[in-house]
Amino acid sequence: MATPLDTPVHLKERESLRLQDGSGVEVRCLLGNLWITEEGEREDRILSRGQSFTLDRPGLSLVTALGGPALLIVQPGTLFAPNPLRHAA
């Protein structure tokens, strides 16, 4: 069953949310830390509470709870991320 885009999603530690062809979709971290991997992208993204990132690649994207449980919202994208993002090593 599909979940509305603005419904909060709870992930357990190391649990992943698969987003297929999510280009233009915004992922907003409400609690915890998220690791975002996009197909075809060389660098991953790490989001902390209050940060967001708009997916910009077609194909599969994985959003994974990093270091503990996380709460996130997936919603139609915006062109602005108010907090700078850290790149994963």
Side-chain angles (χ1 to χ4, degrees):
M1 180 169 79
T3 302
L5 285 179
D6 60 352
T7 299
V9 177
H10 180 268
L11 297 177
K12 297 175 188 172
E13 183 175 7
R14 293 186 281 191
E15 184 178 17
S16 294
L17 175 66
R18 298 170 58 95
L19 299 170
Q20 187 64 46
D21 294 324
S23 184
V25 170
E26 180 184 18
V27 176
R28 180 172 299 276
C29 183
L30 302 177
L31 180 68
N33 296 295
L34 300 172
W35 174 17
I36 300 176
T37 301
E38 292 183 277
E39 185 176 334
E41 176 62 58
R42 292 180 151 213
E43 296 182 2
D44 294 346
R45 304 286 196 274
I46 303 293
L47 299 183
S48 297
R49 182 179 180 173
Q51 293 182 313
S52 65
F53 176 70
T54 301
L55 302 175
D56 57 5
R57 299 274 182 170
L60 179 63
S61 296
L62 296 176
V63 181
T64 305
L66 184 63
L71 185 65
L72 65 122
I73 290 181
V74 178
Q75 56 194 16
T78 62
L79 298 176
F80 172 73
N83 298 314
L85 300 176
R86 293 180 288 145
H87 291 284

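Numbers for residues simply follow the sequence, beginning at 1.
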### Summary
Distance col, row Gln51:CD vs Ile46:CD1, nearest 0.5 angstrom, shows 10.0 Å
### salt bridge (Lys or Arg N to Asp or Glu O under 4.0 Å) against Glu41, all qualifying residues, sequence neighbours excluded
Arg57
## Note on the structure
Test side chain to side chain contact (heavy atoms under 4.5 Å, CB included), reference Ile36, set Asp44, Leu47, Leu19, Leu66, output is Leu47
### Message
So, using side chain to side chain contact (heavy atoms under 4.5 Å, CB included) as the criterion, who are the partners of Leu30 when residues are at least two apart?
### Response
Arg28, Leu71, Ile73
### Query
Are Leu55 and Val9 in one and the same hydrophobic cluster, where Ile, Leu, Val, Met, Phe, Trp and Tyr link if side-chain heavy atoms are under 4.5 Å apart?
yes
#### Entry: Which residues share a side chain to side chain contact (heavy atoms under 4.5 Å, CB included) with Arg42, sequence neighbours left out
none
### Summary
Hits for side chain to side chain donor-acceptor pair (under 3.5 Å) against Ser16, two or more places apart or cross-chain, chain-then-number order -> Thr64
### Message
Going by the rule side chain to side chain contact (heavy atoms under 4.5 Å, CB included), which residues pair with Glu15 if we only count those two or more places apart in sequence or in a different chain?
### Response
Leu11, Lys12
### From CA spacing to verdict: side-chain contact (heavy atoms from CB on, under 4.5 Å), Leu72, Cys29
CA-CA 5 Å; Leu72 65 122; Cys29 183; 5.5 Å; no
### Leu62 reachable from Val27 in the ILVMFWY side-chain graph, under 4.5 Å edges
no
### Query
Taking atom CZ of Arg49 and atom CG of Asn33, what is their separation to the nearest 0.5 Å?
11.0 Å
### Partners meeting side chain to side chain contact (heavy atoms under 4.5 Å, CB included) with Asp56 (sequence neighbours left out)
Glu38, Phe53
### Message
Could you report the tightest heavy-atom contact between Gly68 and Ala65, atom names first, then the distance?
### Response
O-CB, 3.4 Å
### Query
Which atom pair, heavy atoms only, marks the closest approach of Ser23 to Pro58?
CB-N, 4.1 Å
